[in-house]
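First up is the structure itself, then whatever we jot down about it.
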Amino acid sequence: MTEQNELERLTQRNAAKRKLINNLFIFFCGFCTLIAIIPLGSILFEVVKNGYPAISWEFLTARPGAIGSAEGGIGPAIQGTLIIIALTTLLGVPFGVVSGIYLAEFGDSKFAKTVRIVNDMLTEFPSIVIGIFAYYIVTIVLIGSFSAFGGAFALAIIMLPVVARTTEESLRLVPNGLRESAAALGIRKWRYTWSVVISAARRGMVNGIMLSVARITGETAPLIMTILGSQWFFSSFFGPIDALPLRIWRLSLLPYEYARIQGWGAALVLITIVLTLNIIVKYVTRSKVRT
Amino acid sequence: MSNIKLKTESLNAMFNGQKAVDDVNLEFPKNTITALIGPSGCGKSTLIRTMNRMHELTPATDATVEGKVVLDNKNIYDSDVDPTLIRRRVGMVFQKPNPFPTMSIFDNVVAGLKLNGLRDKTKLREICESSLKGVALWDEVKEDLDKSGTSISGGQQQRLCIARTIAVQPEVILLDEPCSALDPISTSKIEQLLTELKKQYTIIIVTHNMQQAARVADTTAFMYLGKLIEVGKTQKLFENPKEEMTENYITGKFG
Amino acid sequence: MNADKIFKQFSSVMAFSAIGIMILIVFVLVTQSAPVWQEFGLDFAFGSDWNPVEGRESYGVRPYIYGTLITSFLALLLAVPISIGIAIFLSELAPPIIREPLSFIVELLAAVPSVIYGLWGLFIFRFYIRDYIEEPVINSLGDTIPIFSGIPFGLDLFTAGIILAVMIIPTISSVAREVIYAVPATQKEAAYALGATRWEMMRTSVFNYAKSGLFGACVLGLGRAVGETMAVTMVIGNTIGAQALPESLFQPGQSMASIIANEFNEADPGSLHPSALIGVGLILFFFALIIQLFSLYLRERSLKVGEVLD
C-alpha cells in the first residue's frame with residue numbers, strides 16, 4: 001500500500017511543525033489571559049496606592065471644601081450613592097422581579113420573546129442615552145429639577161433587565177415537579193408561584209439583585225444629567241444630590257493636586273463597594289453549586 | 001511478526017480517581033472484529049476510549065489511565081508518544097453521527113488528510129472517492145459532494161463518518177455503539193460494511209445490542225462493573241458461556 | 001376574573017414595561033431632537049461644525065461619529081484576538097483548578113466602574129501610552145504615515161481605543177466562552193479522533209461550528225464600545241467641531257457619548273444646544289440598535305447550526 005506509506009511519511013514530516021503550531025497556539029491563549037489580567041492588577045494597585053493616603057474619618061464623612069482648598073471630603077457622595085442605590089432598588093426590583101416571573105412562568109408567547117429581546121437590548125444600551133431619557137422624563141417633565149429621584153429612575157431602567165433575566169433564570173432552575181405537585185394539591189398558580197417557586201429560587205434572585213446593584217453603583221453617565229451633583233448632604237428626593245462616581249469624575253477635572261488625591265480616595269471607596277458585592281455574589285453562588 | 005495488533009495490559013481508567021475500567025487484559029488480533037458487550041456503565045465505552053487516548057480528553061473531569069495499551073509492540077502511553085499521531089492510526093466512530101455541519105461532504109471526508117498536511121487536490125479527490133466507495137456511499141452522494149455533511153440521512157451520515165475515519169488510513173478502527181442512533185436498515189448496511197472492512201483493518205466495536213455482536217464479531221468480550229468477565233470466540237461465548245454472570249447477561253436476566 | 005388571571009395580567013403588564021421604556025426612549029429622543037433636525041436637516045448628521053455660541057449656532061455630528069467609530073474599531077482590533085484567546089484558554093486549555101479563579105478575575109474586569117477606568121487612564125495609563133508607544137511610533141513612522149503623526153500627549157483617540165479594548169474584553173470573552181461551550185463534545189471528539197492537535201481541533205470543529213456565534217460576541221463587544229461613556233470622556237482629549245476629525249490616531253478627538261457627557265450640563269436651555277446633544281443621543285441610539293440586532297441575529301444563527309444535528 002504505497003498510499004498509506006505516503007500518508008505516514010507526510011504525517012511524520014509534519015508532526016514537529018504541527019506540534020510547534022499547537023504549542024504556539026496554547027502559549028498565545030495563555031498569554032492573552034495574562035495580558036487581560038495586567039490592567040486589572042494595575043488598576044487595583046494604583047487605586048489602593050493613591051487612594052489609601054486620602055482615607056480618613058474626615059474624608060469619609062465631611063462635606064467637600066471650597067474648590068481649591070484641600071479641606072473636606074466625600075461624605076455627601078457616599079451618602080448620595082447609598083440613597084440612590086436604595087431608591088433604585090425600590091423602583092427597579094419590583095419591575096424586574098415581576099417581569100422575570102412572567103418570563104419564567106408564562107414565557108412561551110411571542111410577546112414574552114419580544115420582552116426578552118428588548119430586555120437584552122436594554123441591558124447593553126448606552127447608559128448615557130438612558131440618562132437623556134431620564135433627564136427629559138424626570139428632570140424636565142415630572143419634577144422640574146435635578147433630583148435623586150431622576151438618578152434612581154435612570155439607574156432603575158438599567159437595573160430592570162438585569163434583575164428580570166436573573167430572576168427568570170433562577171425560576172427556571174426550580175424543578176417542574178415542585179410546581180406540579182403544588183398544582184395537584186389544588187393550590188392556585190399565583191399562590192404556589194409566590195410561596196413555593198419563589199422561595200425555592202430566592203437565593204439566585206437575591207444574587208441577581210446584588211449583581212445589578214454592583215452594576216449600577218459604578219454607573220456615572222446617566223447621573224450627569226439627572227442628579228447634577230451637590231456639595232451638601234441629602235435634603236430631598238426632589239433636589240440635587242451627590243454620588244461617588246460623579247464626584248470622582250468632577251474631581252478628576254480639577255487642576256489641583258488635592259483633587260487628584262481625593263479622586264483616588266473616592267475611587268478606592270467605590271471600587272471596594274463594587275468588588276465586595278461581586279465577591280459576595282461569587283462566594284454565595286459557588287457554595288450553592290457545592291451543596 | 002505476531003498476529004496481535006493491539007492489546008491492553010493491566011489497564012485501569014479513572015474519572016476523578018474512580019475506576020471505570022478495572023485491570024483489563026485483552027488482545028485484539030489483526031483483521032478481526034472484537035465486540036465489547038455489557039450493561040450500560042460497565043466501562044466498555046471508556047475502555048475503547050483509552051485505546052486512542054481519547055479518554056484523557058473527556059471534558060470537565062480528571063480522566064486518567066494506568067497500565068498499558070500496546071499497539072504494534074509500543075505502549076501508546078509512553079511519554080515519548082504523541083497522542084495525535086496515535087489517533088490517526090487508531091480511528092474512532094461515535095455513537096451519534098458527527099459530521100462537521102459547516103463542511104461539505106467532500107471536506108468532511110478529507111478533513112483528516114488535510115490536517116496531516118496532504119494538500120494535493122487530485123490525491124484528495126482520489127482518496128475521497130475510494131473512502132466513500134469503501135463505505136458504499138459513493139453512488140449515493142457522488143453528485144452532492146459539495147453539499148453539507150449534515151444534509152444526508154442519519155445512516156448516510158454515520159457511513160460518512162466511517163469514510164472520514166478510513167480516509168486517514170488507520171490501522172485500527174474503534175466504533176462506540178455506532179448504530180444506536182440508526183434505523184434497522186442503516187444498521188444492517190453498517191454491519192455488512194464492517195465485515196468488509198475487517199479485511200483491511202482491525203476493528204473493535206462497543207455495542208449494547210447482543211444480536212449485533214453475534215452477527216458481526218469474531219471475538220466477543222463481556223464486561224461488568226469495569227472488569228473484563230469473559231472473552232472468547234463469539235459463537236462460543238453466546239452458546240456456551242463459562243461464567244455465570246455472562247450467561248445471566250446474555251439470557252437477559254439483567255442488563 | 002379569577003386570581004390566576006389577574007396574576008398573569010399583572011405580571012405581563014410589568015414585563016411590558018421594558019418595551020414601553022424602549023418605545024418612550026425613541027419618542028423622547030425624536031421629539032426632543034426635532035428642533036435641531038428642523039434647523040439643520042441632514043447637515044446635522046454629516047456636518048462638522050460645532051458652535052453653541054448664541055447667534056452663531058451650528059451643529060454637525062460627523063466628527064463624533066468618526067471618533068466613536070475609530071475608537072471602537074481600534075478597540076475591536078485589539079480586543080477580539082485577546083478575548084477569543086482567553087475564551088479558548090478558559091474553556092479548553094487551562095487546568096481545571098485555575099479555570100474558575102481565572103475566569104472570575106476576567107469577570108472582575110467588567111465589574112470595575114467605567115469612571116475608575118477613566119481615572120486610571122487619565123493619571124496612569126496615559127503616560128505609558130505616551131512614553132512607550134506614541135513617542136517611538138511617532139518618531140519612527142510619524143513622518144511617513146499620517147495616522148501615526150502628531151505630538152505624543154497620551155489623551156487621544158488611540159488611548160481611548162485601548163482603554164475601550166480592555167473594557168470590552170470581558171464582554172467578548174464571556175460570550176465567546178458560552179459559544180465555545182455550546183459546541184457539542186461530539187464535534188470536538190470528531191476532530192480529535194482524526195488526529196487533530198488542540199489547535200487543529202479548534203480550527204476544524206469549534207471555529208467552523210461557532211463562527212457565527214463568535215462573530216456575534218465580537219459585535220456585542222462593538223456595541224459596548226460604541227456606548228461606553230465615562231472612560232472615553234476622560235481620555236479622548238475632548239476637542240470639538242472640525243478639530244475632532246484628526247487624521248492621526250495620536251491626536252485628541254471626541255466620541256458621541258463623550259460630547260454628550262461633556263456638554264450636557266452646560267447647554268443653555270434656551271438654545272438649540274440641548275436639542276443638538278439629544279440628537280447626538282438619537283444617532284448613538286441607532287448605532288447601538290443596529291449593532292445589537294446584528295449581534296443577536298448572529299448568535300441566534302449560531303445556535304441553529306446545532307439544531308441541524310439533533
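Everything quoted here is computed from the prediction, not taken from an experiment. Letters go in sequence order (proteins before strands), and every chain restarts at 1.
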CZ/F104(C): more than 12 non-hydrogen atoms of other groups inside 6.0 Å: yes

Gap separating the CD1 atom of I98(C) from the OG1 atom of T33(A), nearest 0.5 angstrom: 8.5 Å

Contact winner vs chain A - R198(C), E92(C), M202(C), heavy-atom pairs under 4.5 Å: R198(C)

Engaged part of P245(A) at the chain C interface, taking heavy atoms whose separation is under 4.5 Å: both

Heavy-atom proximity to chain A below 4.5 Å, by part of I169(C): side chain

Identified side-chain contact (heavy atoms from CB on, under 4.5 Å) counterpart of M230(C) within the set I128(A), I248(A), I224(A): I224(A)

Candidate pair V97(A) and M14(C), rule side chain to side chain contact (heavy atoms under 4.5 Å, CB included), full reasoning: CA-CA 9 Å; V97(A) 166; M14(C) 296 290 262; over 6 Å; no

Separation of I140(A) CD1 from Q32(C) CD (nearest 0.5 Å): 7.5 Å

Most chain C-contacting option - heavy-atom pairs closer than 4.5 Å, from Y135(A), F125(A), F28(A): F125(A)

F89(C): partners by ring-ring contact (aromatic ring centres under 6.0 Å, His included), with sequence neighbours left out: none

Region of P170(C) that comes under 4.5 Å of a non-hydrogen atom in chain A: neither

Under 4.5 Å from a heavy atom of chain C, the part of F106(A) involved: side chain

Residues of residues 107-115 of chain A with any heavy atom under 4.5 Å of a heavy atom in chain C: F111(A), T114(A), V115(A)

Contact class of F264(C) relative to chain A, heavy atoms under 4.5 angstrom: side chain

Side chain / backbone / both / neither for I105(C) at chain A, heavy atoms under 4.5 Å: both

Interchain contact, T233(C) with chain A, by part (heavy-atom threshold 4.5 Å): side chain

Atom group of A221(A) that falls short of 4.5 Å from chain C, counting heavy atoms: both

Exceeds 12 heavy-atom contacts within 6.0 angstrom, atom CZ of R126(C): yes

Contact winner vs chain C - I101(A), L24(A), I26(A), heavy-atom pairs under 4.5 Å: I26(A)

Residues of residues 34-45 of chain A near chain C, each having a heavy atom less than 4.5 Å away: I35(A), A36(A), I37(A), P39(A), L40(A), S42(A), I43(A)

Distance flag, aromatic centroids of Y136(A) and F27(C), threshold under 6.0 Å: no

Winner by heavy-atom pair count (cut-off under 4.5 Å) against chain A, out of A288(C), A261(C), A87(C): A261(C)

Structural part of L109(C) lying under 4.5 Å from a heavy atom of chain A: both

Under 4.5 Å from any heavy atom of chain C - which part of L275(A): side chain

Audit row: V112(C), V274(A), side chain to side chain contact (heavy atoms under 4.5 Å, CB included) steps and yes/no: CA-CA 7 Å; V112(C) 173; V274(A) 172; over 6 Å; no

Sequence-distant partners of Y64(C), ring-ring contact (aromatic ring centres under 6.0 Å, His included), two or more places apart: W50(C)

Option among L90(C), I86(C), I84(C) that satisfies the side-chain contact (heavy atoms from CB on, under 4.5 Å) test with C32(A): I86(C)

Proximal component of L102(C), with respect to chain A [non-hydrogen, under 4.5 Å]: side chain

Chain A contact via A267(C) - which portion, at a heavy-atom distance below 4.5 Å: neither

Portion of F125(C) that has a non-hydrogen atom of chain A nearer than 4.5 angstrom: neither

Residue A214(A) versus chain C: region with a heavy atom under 4.5 Å: neither

Within 6.0 angstrom of F127(C) CZ, more than 12 heavy atoms from elsewhere: yes

Greatest number of heavy atom pairs closer than 4.5 Å to chain C - which of Y102(A), W194(A), F146(A): Y102(A)

Centroid separation W199(C) to F25(A) less than 6.0 Å: yes

Contacting region of T197(C) [heavy-atom separation from chain A under 4.5 Å]: both

Interface moiety of T229(C) toward chain A, non-hydrogen atoms closer than 4.5 Å: side chain

Within 6.0 angstrom of F95(A) CZ, more than 12 heavy atoms from elsewhere: no

Under 4.5 Å from any heavy atom of chain A - which part of L24(C): both

Between V28(C), I88(C), L119(C), the one whose heavy-atom pairs under 4.5 Å with chain A are most numerous: L119(C)

Most chain C-contacting option - heavy-atom pairs closer than 4.5 Å, from T193(A), L160(A), N23(A), V47(A): T193(A)

Sub-4.5 Å side-chain heavy-atom contact between R188(A) and N2(C): yes

Over 12 non-hydrogen atoms of neighbours within 6.0 angstrom of CZ in F123(C): yes

L93(C), part contacting chain A, at a heavy-atom distance under 4.5 Å: side chain

Winner by heavy-atom pair count (cut-off under 4.5 Å) against chain C, out of G218(A), A134(A), S99(A): S99(A)

Per-residue contact mode, I278(C) against chain A (heavy atom under 4.5 angstrom): both

Contact class of E124(A) relative to chain C, heavy atoms under 4.5 angstrom: both

